[in-house]
Amino acid sequence: MPLNEFDLIARYFAGLTPARDDIRLGIGDDAAVVSVPPGHDLVIATDTLVAGVHFPPDTDPVAIGHKALAVNLSDLAAMGADPAWALLALTLPEADAAWLAAFAEGFGRLASESGIALIGGDTTRGPLTVTVTVHGRVPEGQALTRNGARPGDAIYVSGGLGAAAAALALREADADPDALQASRLRLDYPEPRLALGRALRGLASAAIDISDGLLADLGHLCQASGVGAEIDVDAVPRHPALTQLVRGDDTTWYDWPLAGGDDYELCFTVPDAAQSRIAAVAESTGIALTRIGEITPGEGLECRHADGSAFRPGAGGYQHFGP
Ligand code: ADP
Ligand code: MG
């Protein structure tokens, strides 16, 4: 018997995610009701994944469930927010029970790990599209933003970049299978840097998550702050899988960490006075934090090699409607 919309919600989504004391009314009414504690700001973000655009059509539905929530949590991480509540708008070609169970598994697992509760959504028929809206909280006035970077601030990146882009580029290639698998995991199961974002409150002068490629996203941060940046491309941390995927003197590896996209690491700036606290943050979060350059007066990104010679990036980051 085909599932109707209400059976589907009851079976796969009601009760999927952790209960929270701050939810007065969750799934089932015309709208959800939550209470924001005094002294906090509400931080809200939404992101859509379209099949064939944001994930390859052969992607495991467990990964689609994970990624749809992860890319949204990454925005909360970049704002330094604690995740609280999520909405899920799901457009499905059909009510496929196996697909829904797998999707709910991926979504539910990450929601439980990050303490976010699904409090509502919408379910419609059409080409596969997943839109998630997340709500988080920060102590009043403490959200991290893109516009606080100042000349002289150091630029940091978390983790290692480029593996997700490599997975997309090398899907059909004859490359080291373990490294390909590791890259594919980065593409399908990004890890939102929530603990890092939280630890950067009151420390970073500006922050952004890297979804479209380091250079593109750092460019957005610089533009919002009215500053420029100088980057040492040899200092940019590349994901360990890239070392295995790149052969000999092939220099394509420069492009993936700089412009590849889908990394979901954080890029942030730190004033001189706070530099000494970075090592402790790396230690407490267990995430490598690498200094890749410095904010400059003026505008634009200048990329150099460690020896000072100029570097010309091959691509400018992924743009949906760009040339
Ligand atoms: P309405 O017609 O009033 O918009 P719906 O019939 O669309 O309400 O949804 C019924 C309830 O189920 C609402 O509380 C809504 O938030 C929730 N809901 C609908 N789709 C989803 C979904 N995919 N995940 C979680 N909750 C959902
Ligand atoms: Mg509705």
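Remember, it's 1-based here, ligands and their atoms both numbered in the order they're listed.
At a 4.0 Å heavy-atom cut-off, ligand 1 touches Thr123 through backbone and side chain alike. Contact annotation: for Leu118 versus ligand 1, heavy atoms closer than 4.0 Å belong to the side chain alone.
Taking each heavy atom of Ser114 and Leu73 in turn, the nearest pair found is OG-CD1, 3.4 Å. Of all the heavy atoms in Gln244 and Ala179, the pair that sits closest is CB-CB, 3.6 Å.
Residue-ligand proximity, Glu5 to ligand 1, at heavy-atom distances under 4.0 Å covers atoms 5 (P), 6 (O), 7 (O). Here is the list of ligand 1 atoms found below 4.0 Å of a heavy atom in Asp30: 3 (O). Every atom of ligand 1 with a heavy atom of Gly120 under 4.0 Å away is listed here by number and element: 16 (O), 25 (C), 26 (N), 27 (C). Taking every heavy atom of Asp29 and a limit of under 4.0 angstrom, the matching atoms of ligand 1 come to 13 (C), 14 (O). Of all atoms in ligand 1, listed by their number and element, those nearer than 4.0 Å to a heavy atom of Asp122 are 7 (O), 19 (C), 20 (N), 21 (C), 23 (N). Near Gly28, with a cut-off below 4.0 Å to any heavy atom, the atoms of ligand 1 are 11 (C), 13 (C), 14 (O).
Of the polar atoms of Gly26, none of the N or O atoms is found under 3.5 Å from an N or O of ligand 1, judged by distance alone. Ligand 1 has no nitrogen or oxygen under 3.5 angstrom from a nitrogen or oxygen of Ile119.
When the options Ala89, Gly121, Ala32, Ala104 are ranked by their closest heavy atom to atom 17 (C) of ligand 1, first place goes to Gly121.
At a cut-off of 3.5 Å, with distance as the only test, a side-chain donor of Ser309 or Asp307 sits close to an acceptor on the other residue.
In this view, Tyr264 satisfies the ring pair (Phe, Tyr, Trp, His ring centres under 6.0 Å) rule with no residue, not counting sequence neighbours. Considering only residues two or more places apart in sequence or on other chains, Arg201 meets the side chain to side chain donor-acceptor pair (under 3.5 Å) condition with Asp82.
Evaluated for a side-chain hydrogen bond (donor to acceptor under 3.5 Å, both in side chains) with Thr91, the options Thr124, Asp122, Thr129 yield exactly one hit, Thr124.
At least one heavy atom of Phe6 sits closer than 4.0 Å to an atom of ligand 1.
Here Glu113 does not pair with Arg109 in a salt bridge; the nearest charged N to carboxylate O distance is not below 4.0 Å.
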Check step by step if salt bridge (Lys or Arg N to Asp or Glu O under 4.0 Å) holds for Asp29 and Arg24.
-> CA-CA 11 Å; Asp29 213 303; Arg24 295 186 192 280; over 6 Å; no
